[in-house]
Participant: 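Below: one structure in structure tokens.
Hydrogens, waters and symmetry mates are skipped; everything else that's a heavy atom, side chains included, is used. In this text the structure is predicted, and so the values were computed from the model without any measurement.
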2 protein chains.
Amino acid sequence: MTGLRANNLPSAHECLAQRFKTWSSGEFDLTLCPVRGILDRLGDKWTTLIVIVLAQRPHRFSEIGRAIPDISKRMLTQTLRDLERDGMITRRVFPTKPPSVEYGLTELGESLLEPLAHLVTWAENSQPKIATARSAFDAAETSPS
Amino acid sequence: MTGLRANNLPSAHECLAQRFKTWSSGEFDLTLCPVRGILDRLGDKWTTLIVIVLAQRPHRFSEIGRAIPDISKRMLTQTLRDLERDGMITRRVFPTKPPSVEYGLTELGESLLEPLAHLVTWAENSQPKIATARSAFDAAETSPS
DNA sequence: TAGGCTTGGTCTACATTCTAGACCAGGAGA
DNA sequence: TCTCCTGGTCTAGAATGTAGACCAAGCCTA
């Protein structure tokens, strides 16, 4: 039951368990774990969405805003800055009038697409199960007779 | 440059671009996208960490707290409830004194481990590049001469 | 020439979410 | 009796996110 799986990857269990052990093994402060920092960033509600939008082609500032209607300009600016700082996207200003700014994925940003696609696929496939679980849980909550 | 890659998966680009097009194609309200809801949950700072801890073996409430020292009880309770509601973990109460509660991954929760391991691997591998990009960006910011 | 539109943002006020830590009941051990 | 353990709940304050007004510069229209 250990070792390799049908897809030739080491078991996800072992992979994660091993990593966690390494992280927790004394010398390492889990609180400062850089992977956590990265995962936090990826999880901050807009980041993945913006990356997915830019995966199609480079976009201009307002174009992204139109593709993601419910993001505020402030969060769009901030998320783009953070992504730029992390080397995931490039920002190019064109001297048009009014000046336009184009954002696109860097090589590093592109490399994120593959694991991200896995996760999105998982989310799509699991969505029905999650919805079912939620209904069941909520039903049990509201009528715990 | 399209189609299949060395790993026999469709290109992540196409995969995500295609999905986004489907999502954005009129009939579908991106704001209500269920995948977004799931990704938001996964990104909420503690969820992935707890899943990784439980990937090793079932844990009791305080055990998780000890494994993740900087989580508050409130967030631990809340995140566990959310995970339970989504059918990712089970909660079992043992009638010991004082009663102990054990949390463990469900099959659905386990199925998340694989995409999650991909992402963690990516984060670990990319961490040096991200750190470099950050320093470069910050250096350019502070001395933009 | 005035008015309104676009660009990529910034700023402020308010709402939501997170954190730190006190508190709880009930039993066990000293 | 006094303290500690369990798995939580509750509250206050801090951090974070949202909505939307505002900005300068240039273009188009009337």
Side-chain angles (χ1 to χ4, degrees), chain A residues 29-32 36-50 53-54 58-86 89-104 137 140-141 144, chain B residues 29-32 36-50 53-54 58-86 89-104 137 140-141 144:
Chain A
D29 182 359
L30 187 62
T31 307
L32 302 174
R36 262 182 77 171
I38 294 173
L39 254 43
D40 277 0
R41 167 104 352 144
L42 292 183
D44 75 354
K45 185 163 190 181
W46 303 115
T47 300
T48 43
L49 217 45
I50 291 180
V53 168
L54 295 184
H59 278 65
R60 292 173 53 185
F61 183 85
S62 329
E63 252 184 323
I64 305 174
R66 260 173 261 128
I68 309 172
D70 56 342
I71 191 176
S72 65
K73 284 181 172 187
R74 190 183 183 280
M75 286 316 291
L76 181 52
T77 305
Q78 195 177 106
T79 309
L80 287 169
R81 282 280 178 289
D82 287 343
L83 281 169
E84 192 194 352
R85 187 169 102 101
D86 287 352
I89 62 174
T90 52
R91 177 179 184 271
R92 292 203 304 154
V93 182
F94 294 94
T96 56
K97 324 140 200 167
S100 55
V101 180
E102 191 182 81
Y103 294 92
F137 186 90
E141 281 286 282
Chain B
D29 184 358
L30 186 62
T31 308
L32 302 174
R36 262 181 79 171
I38 295 174
L39 253 44
D40 278 359
R41 167 105 352 143
L42 291 182
D44 75 355
K45 184 163 189 179
W46 302 115
T47 299
T48 44
L49 217 45
I50 292 180
V53 168
L54 295 184
H59 277 66
R60 292 174 50 186
F61 183 86
S62 330
E63 253 184 320
I64 305 175
R66 261 173 261 125
I68 309 172
D70 55 342
I71 192 175
S72 65
K73 285 181 172 191
R74 189 183 184 280
M75 285 317 290
L76 182 51
T77 304
Q78 193 176 109
T79 309
L80 287 170
R81 283 281 178 288
D82 288 343
L83 281 170
E84 192 194 352
R85 187 169 102 102
D86 286 353
I89 63 174
T90 52
R91 177 178 185 272
R92 293 203 304 154
V93 181
F94 293 94
T96 56
K97 324 139 197 167
S100 54
V101 181
E102 191 182 80
Y103 293 93
F137 187 90
E141 282 285 281

Participant: Between the base of dT16(D) and the side chain of R74(A), is there any donor-acceptor pair under 3.5 Å?
Facilitator: no

Participant: Whole angstroms only, please: what is the CD1-C1' distance between I71(B) and dG8(D)?
Facilitator: 13 Å

Participant: When you look at Q78(B) and R81(B), which way does the side-chain contact (heavy atoms from CB on, under 4.5 Å) test go after all the steps?
Facilitator: CA-CA 5 Å; Q78(B) 193 176 109; R81(B) 283 281 178 288; 5.7 Å; no

Participant: Give me the one residue out of L76(A), I89(A), L83(A) that meets side-chain contact (heavy atoms from CB on, under 4.5 Å) with Y103(A).
Facilitator: I89(A)

Participant: Round to a whole Å and report the spacing from CD of Q78(A) to P of dA15(D).
Facilitator: 15 Å

Participant: Please state how far atom CG in D70(A) lies from atom C1' in dT18(D), giving the value in whole angstrom units.
Facilitator: 11 Å

Participant: Which is it for D86(A) and F137(B) under the side-chain contact (heavy atoms from CB on, under 4.5 Å) test, yes or no, and what are the steps along the way?
Facilitator: CA-CA 8 Å; D86(A) 287 352; F137(B) 187 90; over 6 Å; no

Participant: Under a 4.5 Å cut-off applied to non-hydrogen side-chain atoms, are D82(B) and T47(B) in contact?
Facilitator: no

Participant: Given atom CZ of R60(A) and atom P of dG9(C), what is their separation to the nearest angstrom?
Facilitator: 11 Å

Participant: Please give, in whole Å, the distance from dC23(D) P to K73(A) NZ?
Facilitator: 13 Å

Participant: Phosphate oxygens OP1/OP2 of dT6(C): is one of them under 4.0 Å from a side-chain N or O of R66(A)?
Facilitator: no

Participant: Where the side chain of M75(A) is defined as all heavy atoms beyond and including C-beta, which of dG17(D), dG9(C), dC23(C) is the nearest nucleotide?
Facilitator: dG17(D)

Participant: Calculate the interatomic distance between H59(B) atom NE2 and dT6(D) atom C1'; express it in whole Å.
Facilitator: 17 Å

Participant: Quick one, I64(A) with L80(A), criterion side-chain contact (heavy atoms from CB on, under 4.5 Å). Give me CA distance, side-chain angles, the key distance, then yes/no.
Facilitator: CA-CA 10 Å; I64(A) 305 174; L80(A) 287 169; 4.1 Å; yes

Participant: T77(B) has a side chain; which of dT18(D), dG9(C), dT9(D) sits nearest to it?
Facilitator: dT9(D)

Participant: Base, sugar-phosphate, or nothing: which does Y103(A) touch, judged by heavy atoms less than 4.0 Å apart?
Facilitator: sugar-phosphate

Participant: Tell me the interatomic distance from E63(B), atom CD, to dG8(D), atom C1', rounded to whole angstroms.
Facilitator: 16 Å

Participant: Considering only dA20(C), dT18(D), dC23(C), which nucleotide approaches the side chain of S72(B) most closely?
Facilitator: dA20(C)

Participant: Taking CD1 from I68(B) and P from dC18(C), how many angstroms apart are they, rounded to a whole number?
Facilitator: 15 Å

Participant: Enumerate the residues from residues 39-46 of chain A whose closest heavy atom to DNA chain C is under 4.0 Å, giving them by residue number; use none for an empty result.
Facilitator: none

Participant: Do you know the tightest heavy-atom contact between D40(A) and K45(B)?
Facilitator: OD1-CA, 3.7 Å

Participant: Quick one: do R36(B) and D70(A) satisfy side-chain contact (heavy atoms from CB on, under 4.5 Å)? Show the steps, please.
Facilitator: CA-CA 12 Å; R36(B) 262 181 79 171; D70(A) 56 342; 3.2 Å; yes

